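Below is one structure, written out as structure tokens; the observations come after it.
Values in this document were obtained by computation on a predicted structure and should not be read as measured data.
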Amino acid sequence: MASTNRWLRPEVYPLFASVSVAVGICAMQLVRNITTNPEVRVTKEHRSAGILENYEEGERYAEHSLRKFVRKKRPEIMPSINNFFSDPNH
């Protein structure tokens, strides 16, 4: 019981949360690559196919919906604060 209280202090919760988010992002990317990447072949039948020239499938993998969404946005983290300090009309 003493060792549990040693690691489960309220000060450590943000560390656990940030590490959990990082592990979740890594796991999501690994699953995405294994399931949808056209260059990854898990089964023996697919590996024996060799190099495929499937440009359309590769284009679909590279141009996913998040990339299409972000491409239309301006590269700002906090646009309202940027506008407040850069716009002379405020």
Fill in the blank from the handout: Output for pair (Ile25 CD1, Leu30 CG), nearest 0.5 Å, gives 12.0 Å
Handout entry: Whether Ser18 side chain and Leu15 backbone form a donor-acceptor pair below 3.5 Å
Key = yes
Handout entry: Separation between CZ of Arg67 and NZ of Lys72, rounded to the nearest 0.5 Å
Key = 14.5 Å
Completion exercise
Correct closest heavy-atom pair for Lys68 and Glu63 would be CE-O, 3.2 Å
Fill in the blank from the handout: Rounding to 0.5 Å, atoms CD (Gln29) and CD1 (Ile34) come to a distance of 10.5 Å
Exercise for the section: Flag yes if Met78 and Phe84 sit in one hydrophobic cluster, no otherwise; membership is Ile, Leu, Val, Met, Phe, Trp, Tyr, and two members link when side-chain heavy atoms are under 4.5 Å apart. Expected result: yes
Exercise for the section: Apply salt bridge (Lys or Arg N to Asp or Glu O under 4.0 Å) to Arg74 and list each qualifying residue two or more places apart in sequence or on a separate chain. Expected result: Glu76
Practice task
Kindly work out whether a path of hydrophobic side-chain contacts (I/L/V/M/F/W/Y, heavy atoms less than 4.5 Å apart) joins Phe85 to Ile77.
Solution key: yes
